[in-house]
Amino acid sequence: GMLKKRVAEIIGVSEEDILTTDLFLYNPQRGVEWNGYVSAPRLDDLQCGFASLTAFLEAGQKEAAPNTVPVFCLFDNEEVGSQTKQGAASTFLSEVLGRIAHSVGAFLPCKLASSLLLSCDNAHAMHPNHPEYADAENKVRLNEGIVIKFNAGQKYTTDGISEAYVKYLCTKEGVPFQSYANRSDMAGGSTLGNIATTRVSVCSADVGLPQLAMHSATETAAVSDLTHMVSVLTELYSVGIEKSGDEKRIANGLLSIAERYIYLNEFAKVDKLVTDNFVVSIESHASTITFSHFEETSTFSQSTEHSTYL
């Protein structure tokens, strides 16, 4: 037909040379920035994908923390359920991490025991014309910081430990944050964190950027929130963070995860798991995931007696 003919002309081949096609339709409208906001198609979830990739590349320009493996993972097909070979429900992430671990002689389950995954996907801001659709105690607004998501039904994976670490990073970078939860009497959407962690069991949190008109032809979000997300993720990818004093409470929460794995790994004859020094690496994914990896250097019995590194 006419479409096949036009495609053949554009790529400079005959129609007969085109055997099969996959058809994708896109809104070609360019985004616009206005008064501190950006309006464009597909901000969900190109915005978090962009923020994560930008942070990943910016962190690569810095001196990396020792013994860390940053990973940025961008999945496809999130809006149609992720049940594809390139979706979050596939074995793609677990297999790639397994190959990385094998190449450096590491035992992946031990590394995952001291890692953190961030699932980054945009969040619904309170609509000014329909505030009744937002949870009364968790109203998310544009230009007020990144969003940390919670769901009692586990559609979002944030728990007390991962929440503390995300809030610590935000505070360290001077980034505002806000909490999001669906109204308990209204069903909400899901994202990738709870899907990916069924394939890769790891401590995880769901975060995102607030926006209006999600899934419409033109969506709207805030420029400052995007900048804040890049700052937090760049820090997450880049450095080990020393904890002392009150900050140790966060480290000790992460140590409790490792402690459980030490017990399990005694049966697997695994020698070292955790230590005195934890070095953060960040591995990432987007609709968007970001991982953090903590490397051991001594014994667990010593770990709570000294300043701990994340």
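Owing to the predicted nature of the structure, the values given are computational and were not obtained by experimental measurement. For the single chain, residues carry numbers from 1 onward in sequence order. No hydrogens, no waters, no symmetry mates; every other heavy atom, side chains included, goes into these values.
- Side-chain contact between His124 and Tyr180: present, with at least one pair of heavy atoms (C-beta onward) separated by less than 4.5 Å.
- Val147 and Ala123 make their closest contact through CG1-CB, 3.9 Å (heavy atoms, listed as atom of the first residue, atom of the second, distance).
- The cluster map of Ile, Leu, Val, Met, Phe, Trp and Tyr, joined by side-chain heavy atoms under 4.5 Å apart, puts Leu97 and Val69 in the same cluster.
- A donor-acceptor pair is defined here as one N or O able to donate and one able to accept, closer than 3.5 Å; no such pair exists between the side chain of Ser162 and the backbone of Thr158.
- Residues Phe177 and Val207 fail the side-chain proximity criterion, which asks for heavy atoms closer than 4.5 Å.
- Of the possible donor and acceptor atoms, none in the side chain of Asp121 sits under 3.5 Å from a partner among the backbone N and O of Gly208.
- Within 6.0 Å of CZ in Phe150 there are more than 12 heavy atoms belonging to other residues, nucleotides or ligands.
- Val13 and Leu19 are not part of a single hydrophobic cluster, where members link through side-chain heavy atoms under 4.5 Å apart.
- Cluster annotation: Leu212 is not connected to Tyr133 through the hydrophobic network of ILVMFWY side chains, with a link wherever side-chain heavy atoms come within less than 4.5 Å.
- The neighbour count for Arg6 CZ, taken as heavy atoms of other residues, nucleotides or ligands under 6.0 Å away, does not exceed 12.
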Would you check, one step at a time, whether the test side-chain contact (heavy atoms from CB on, under 4.5 Å) holds for Val200 with Leu117? CA-CA 10 Å; Val200 180; Leu117 175 150; 5.6 Å; no
Walk me through it: do Gln211 and Asp44 pass the test side-chain contact (heavy atoms from CB on, under 4.5 Å)? CA-CA 8 Å; Gln211 72 163 86; Asp44 177 44; 3.3 Å; yes
With side-chain contact (heavy atoms from CB on, under 4.5 Å) as the criterion, how do Leu233 and Met229 come out once you've worked through the C-alpha distance, each side chain's angles and the decisive distance to 0.1 Å? CA-CA 6 Å; Leu233 295 182; Met229 180 66 84; 3.9 Å; yes
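- Residue Glu132 qualifies as enclosed at atom CD: its count of foreign heavy atoms under 6.0 Å is above 12.
- Smallest separation of non-hydrogen atoms from Thr197 and Val202: CG2-O, 3.9 Å.
- In this structure, the separation between OG1 on Thr218 and CG on Asn27 is 6.0 Å, given to the nearest 0.5 Å.
- A continuous path of hydrophobic side-chain contacts links Tyr37 to Val32 [ILVMFWY only; heavy atoms under 4.5 Å].
- When side chains are defined from C-beta on, Cys203 counts as touching Ile161, because their heavy atoms get closer than 4.5 Å.
- Here OG of Ser179 is found 6.0 Å from CG of Asn138. Values are rounded to the nearest 0.5 Å.
- At least one side-chain heavy atom of Arg42 sits under 4.5 Å from a side-chain heavy atom of Tyr26.
- Sorted pairs that involve residues 199-210 and meet salt bridge (Lys or Arg N to Asp or Glu O under 4.0 Å), not counting sequence neighbours, are lacking altogether.
- Here the side chain of Glu219 pairs a donor or acceptor atom with the backbone of Leu43 at under 3.5 angstrom.
- One distance of note links CD of Glu15 with NZ of Lys5; it measures 7.0 Å at 0.5 Å rounding.
- Taking OG from Ser238 and CD from Glu58, the interatomic distance works out to 8.5 Å, rounded to the nearest 0.5 Å.
- By the 4.5 Å heavy-atom criterion applied to side chains, Leu209 and Cys48 are counted as neighbours.
- In this structure, Lys172 and Val232 have side chains that are not in contact, with every pair of non-hydrogen atoms separated by 4.5 Å or more.
- Taken from OH in Tyr168 to CD in Glu173, the straight-line distance is 9.5 Å, to the nearest 0.5 Å.
- Counting heavy atoms from C-beta outward, Trp34 and Thr220 have side chains that approach closer than 4.5 Å.
- The hydrophobic cluster containing Leu57 does not contain Leu46, counting ILVMFWY residues as joined when their side-chain heavy atoms lie under 4.5 angstrom apart, directly or transitively.
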side-chain contact (heavy atoms from CB on, under 4.5 Å) between Thr21 and Val7: does it pass, once the steps are laid out? CA-CA 10 Å; Thr21 61; Val7 171; 5.9 Å; no
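- Applying the 6.0 Å contact sphere to NZ of Lys4 captures more than 12 heavy atoms from other residues, nucleotides or ligands.
- Contact record, Pro210 with Val140: CB-CG1, 3.4 Å, taken as the closest heavy-atom pair.
- The residue from Val175, Leu226, Leu169, Ile146 that alone fulfils the side chain to side chain contact (heavy atoms under 4.5 Å, CB included) condition with Ser231 is Val175.
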Please determine whether side-chain hydrogen bond (donor to acceptor under 3.5 Å, both in side chains) holds for the pair Gln47 and Asn122, giving the CA-CA distance in whole Å, both sets of side-chain angles, and the decisive distance to 0.1 Å. CA-CA 8 Å; Gln47 194 177 29; Asn122 275 10; 3.0 Å; yes
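- The heavy-atom pair separating Pro128 from Pro131 by the smallest distance is O-CD, 3.7 Å.
- With Lys85 contributing its side chain and Phe92 its backbone, the two residues share no donor-acceptor pair below 3.5 Å.
- Between Leu118 and Val166, the closest side-chain pair of non-hydrogen atoms falls below 4.5 Å.
- Looking at Glu95 and Arg99, no side-chain N of the basic residue comes within less than 4.0 Å of a carboxylate O on the acidic one, giving no salt bridge.
- Thr157 and Ser204 get closest at one heavy-atom pair: OG1-OG, 2.8 Å.
- The distance from atom NZ of Lys111 to atom CD1 of Ile100, rounded to the nearest 0.5 Å, is 13.0 Å.
- Contact detail for Ser52 and Phe72: the closest heavy-atom pair is CB-CE1, 3.4 Å.
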